[in-house]
There are 2 protein chains.
Amino acid sequence: MKKPTLVDVGKESGVSAITVSRALRDPDRVSIALRERVFAAIEKLGYVPDAAAATLASNRSSVIAVLVPSFSNYVFSDVLAGASNVIEGTKYSVQIGNTGYSALTEEAMIPKFLTLKPAGIIIAGVDQTEKSRKMLAGADCPVVQIMDTSDDPIDVIVGFSNFLASAEAVAHMIEQGFRRIAFVGTRMDPRTQQRLAGYRSIMEAHGLFDEALLVTTPQKSSVEIGRHLLGSLLEKVPDCDGVFCNNDDVAVGVALECQRRNIRIPQDMGICGFNDLGTTSQMQPAITSVNTPRAEIGARAAQYILDRNTGLPQPENRNINLGFALKVRASTQRKT
Amino acid sequence: MKKPTLVDVGKESGVSAITVSRALRDPDRVSIALRERVFAAIEKLGYVPDAAAATLASNRSSVIAVLVPSFSNYVFSDVLAGASNVIEGTKYSVQIGNTGYSALTEEAMIPKFLTLKPAGIIIAGVDQTEKSRKMLAGADCPVVQIMDTSDDPIDVIVGFSNFLASAEAVAHMIEQGFRRIAFVGTRMDPRTQQRLAGYRSIMEAHGLFDEALLVTTPQKSSVEIGRHLLGSLLEKVPDCDGVFCNNDDVAVGVALECQRRNIRIPQDMGICGFNDLGTTSQMQPAITSVNTPRAEIGARAAQYILDRNTGLPQPENRNINLGFALKVRASTQRKT
DNA sequence: TTGACAGATGATTGCGCAATCATTTAGGTG
DNA sequence: CACCTAAATGATTGCGCAATCATCTGTCAA
């Protein structure tokens, strides 16, 4: 009644255990006749390989580690979904870690994940501690940073420039005649900081920057917080005529609060979101947002790991920039 | 330069390897003096246990398997977040599987996860195939079904009744004077089917059921699809005066489309969502929804697995019903 | 003082597999 | 026909740990 092992399958098909192992991992090196007998025996016995034993013997597992700051941030859910689509159906599996937006938590988690001898590691952002970077660089597996760009990735990075994305969005708003454009930011993680930097750089270039226009909170983003923050903003800066939000939820909240206050969009207030999660495009008026390739980032990161594990070399370009797309909608269109 | 093993730690601290192992797993069985020396050596050498070797030797891993139908369905993101909160910081880790809403895919995935010798399995729903049920029942670890209730769980089930939740919501709408209440359903997975059954049972009890009021699509839910479905619905049933949606995104879409068409909420149309994901409560008017304890379900499921692994017995009540909360808001309030 | 006993520690073994090296077989060459 | 080569298969070993059983030490009662 015990779980069959390679030896059992070997006996059943009249070959040695190692031939069974080869038939499974590298079928071309086993003759067709044997291969078929082996597969028949596997089927008959219901043999399933023991991952722990394989990992111990080969010093290499089929686990792909994914470290993200949060699971309740749906941006990372989409990344995970994209990665999962590529990975499901292969021999690889996904083990997840939640760093809670803390570089130190992340640093503590990395050794644990490395002892899994993972087939690859996907990790959010570029703001690892120096120690984390060293551990990852020394890891004997592909490492993919995601959601950002970098000239100096640990191994490979797949993402887009948060700085340029927000810069383009803000430039668009200025071009449409908005002047007192606020930055409304939640959580203030490294990527939000970069969006702030992009905003700031464009605003300063046009002589429009004003500290008073910055409204931030460490809380996580939500529609509700968007509504609150618009209230605080208007108290502080009554002549504000535009809002660039670091997140779509916040943008929807800002829009709903504008409607409640009879502030016309875009005549009195321009609104731009970030991530283009779906609701913004359906609002009335439709809200401009920066579409980010979240699922594709996950998929490309996973595909890179799969490729490296089949022997493909590191590409010459280790900075895979998938870009973004500013979706201009009614909420920021004042010119025709 | 090699990674230190238990033997190395033992040498460093002047004890045998097995004592080191004991100091880590069951410190009480090692004298305080030795324990301290061992921990000092572990620290000094940077020893990290090898999970694969431990799994192989003990036939038991620290992996908790979580099988959900989708990662892009944010309901399951919240479940995962809840579970993760409980698990992070312990020795356990989370490995995820995406069944893609297919019981057969699920059935194929279960053997793979079982060979991990997981510390526990969390699996969505009760609609496993007979074969899946058998495999899970035979698994040498706790198994937690989630997102539903059942008198006959495989091991334990943590969730709420989708049937009762929708029944209560629909009863509330009827009580508020709505009569031609449509059911708008996306995806039509087992839980949506149960919501439909709850809707149907109440509608029939009041003599209000009408096949024409059912609007469903196999597509995944979104705000956009909600808008489209309201269009189809009104074409088919112009006298429709209420909509019960299987999902908040759909409800928001329905509400936005009503606003576009100048259909007054709730005077001309009552709207109720499901899950209470956050946006509904902020809409104007605020949309009624059924709040579901997604994160708590994940957390309780994880906690049960942790408890069982520390030796706690199976509880007498294996059906842990966390309930739901109908959040009555303006979108369905016609009476005072 | 002796023996019994419990607590603390150690030695041995095997988990299931893949890496490594060894052996066999078939096919081709001069 | 002897010889060589490459392909196909097998035997042995060890990965790092925990289970099991064995041994040692000290304490206490009779």
Side-chain angles (χ1 to χ4, degrees), chain A residues 2-39 41-42 45-63 91 111-112 114-117 119 140 309, chain B residues 1-39 41-42 45-63 91 111-112 114-119 140 309:
Chain A
K2 268 199 61 201
K3 207 169 57 77
T5 69
L6 279 185
V7 174
D8 301 320
V9 176
K11 272 183 198 147
E12 177 72 24
S13 47
V15 301
S16 72
I18 187 62
T19 300
V20 178
S21 171
R22 265 199 286 261
L24 281 168
R25 289 178 299 140
D26 198 358
D28 291 343
R29 292 182 49 204
V30 175
S31 65
I32 294 179
L34 276 196
R35 210 187 300 167
E36 285 175 353
R37 265 166 47 206
V38 166
F39 285 141
I42 287 172
L45 298 179
Y47 169 78
V48 185
D50 182 312
T55 300
L56 186 58
S58 67
N59 208 37
R60 165 73 48 232
S61 81
S62 294
V63 167
K91 67 168 185 169
K112 286 190 186 178
L114 287 181
T115 53
L116 300 176
K117 290 114 179 184
D140 176 29
N309 276 273
Chain B
M1 261 334 288
K2 268 199 59 201
K3 207 169 58 75
T5 69
L6 280 183
V7 174
D8 300 322
V9 176
K11 273 183 199 149
E12 177 71 24
S13 47
V15 302
S16 71
I18 187 62
T19 300
V20 178
S21 171
R22 267 198 286 259
L24 282 168
R25 290 179 299 141
D26 199 359
D28 291 344
R29 292 183 47 206
V30 174
S31 65
I32 295 180
L34 275 198
R35 211 187 299 170
E36 283 176 354
R37 263 162 53 204
V38 166
F39 285 141
I42 287 172
L45 299 179
Y47 169 78
V48 184
D50 182 311
T55 301
L56 186 58
S58 68
N59 208 37
R60 166 72 49 233
S61 82
S62 294
V63 168
K91 65 169 186 169
K112 287 189 187 180
L114 287 181
T115 53
L116 299 176
K117 289 113 177 184
D140 176 30
N309 276 273

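Per chain, numbering begins at 1; letters A, B, ... match sequence-line order.
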**Report entry** Length of the line joining Arg37(A):CZ and dA8(D):C1', which is rounded to integer Å
**Finding:** 13 Å
Query raised in the report: Among the nucleotides dT9(C), dA18(C), dC17(D), which one has an atom lying closest to any side-chain atom of Ser58(A)?
Result: dA18(C)
Report summary line: When rounded to whole Å, the CG to C1' distance for the pair Leu56(B) and dG14(D) reads 12 Å
Query raised in the report: Which whole-number value in Å describes the distance from Asp28(B) CG to dA8(C) P?
Result: 9 Å
Query raised in the report: Is there a side-chain contact between Thr115(B) and Val48(A) (heavy atoms, below 4.5 Å)?
Result: yes
Query raised in the report: Does OP1 or OP2 of dG10(C) have a side-chain N or O of Ser16(B) closer than 4.0 Å?
Result: yes
**Report entry** Pairwise side-chain contact, Tyr47(A) with Val38(A), heavy-atom cut-off 4.5 Å (strictly under)
**Finding:** no
Query raised in the report: Does Ser21(B) make a side-chain N or O approach to OP1 or OP2 of dA18(D) shorter than 4.0 Å?
Result: yes
Query - Separation of dT20(D) P from Asn59(B) CG (nearest whole Å) - result: 12 Å
Report summary line: On DNA chain D, more 5' by nearest nucleotide between Thr55(B) and Arg29(B) is Thr55(B)
Query raised in the report: For dG10(D), does either OP1 or OP2 sit under 4.0 Å from a side-chain N or O belonging to Thr19(A)?
Result: yes
Report task. Take Ile42(A) and Val9(A) through the test side chain to side chain contact (heavy atoms under 4.5 Å, CB included) and record every step on the way to the result. Result -> CA-CA 6 Å; Ile42(A) 287 172; Val9(A) 176; 3.6 Å; yes
**Report entry** Lys3(B) and Asp8(B) ion-paired at < 4.0 Å
**Finding:** no
Query raised in the report: So, the side chain of Ser61(A) versus the backbone of Thr55(A): is there a donor-acceptor pair under 3.5 Å, distance only?
Result: no
Query raised in the report: Rounding to a whole Å, what distance do you find between Lys117(A):NZ and dA19(C):P?
Result: 13 Å
Report summary line: Quick note, Tyr47(A) side chain, CB onward, closest among dT9(C), dC17(C), dA18(C) is dC17(C)
**Report entry** Atom-pair distance (CZ on Arg22(A); P on dA19(C)), nearest Å
**Finding:** 10 Å
Query raised in the report: Within the structure, does a side-chain N or O atom of Thr5(B) lie under 4.0 Å from either OP1 or OP2 of dC15(D)?
Result: no
Query - Closest nucleotide among dA19(C), dG16(D), dC17(C) to the Ile18(A) side chain - result: dA19(C)
**Report entry** Candidates dT9(D), dA8(C), dG16(D) - which lies nearest the side chain of Val30(A)
**Finding:** dT9(D)
Query - Whole angstrom value for the distance that separates P of dG14(C) from CG of Asp50(A) - result: 18 Å
Requested in this report: Rounded to the nearest angstrom, tell me the gap between atom NZ in Lys11(A) and atom P in dA11(D).
Outcome: 12 Å
Report summary line: Nearest-nucleotide check on DNA chain C, Leu34(B) vs Ala52(A); residue mapping nearer the 5' end is Leu34(B)
Query raised in the report: Taking the side chain of Ala57(B) as its heavy atoms from C-beta onward, which of dC15(D), dA11(C), dG14(C) lies nearest to it?
Result: dG14(C)
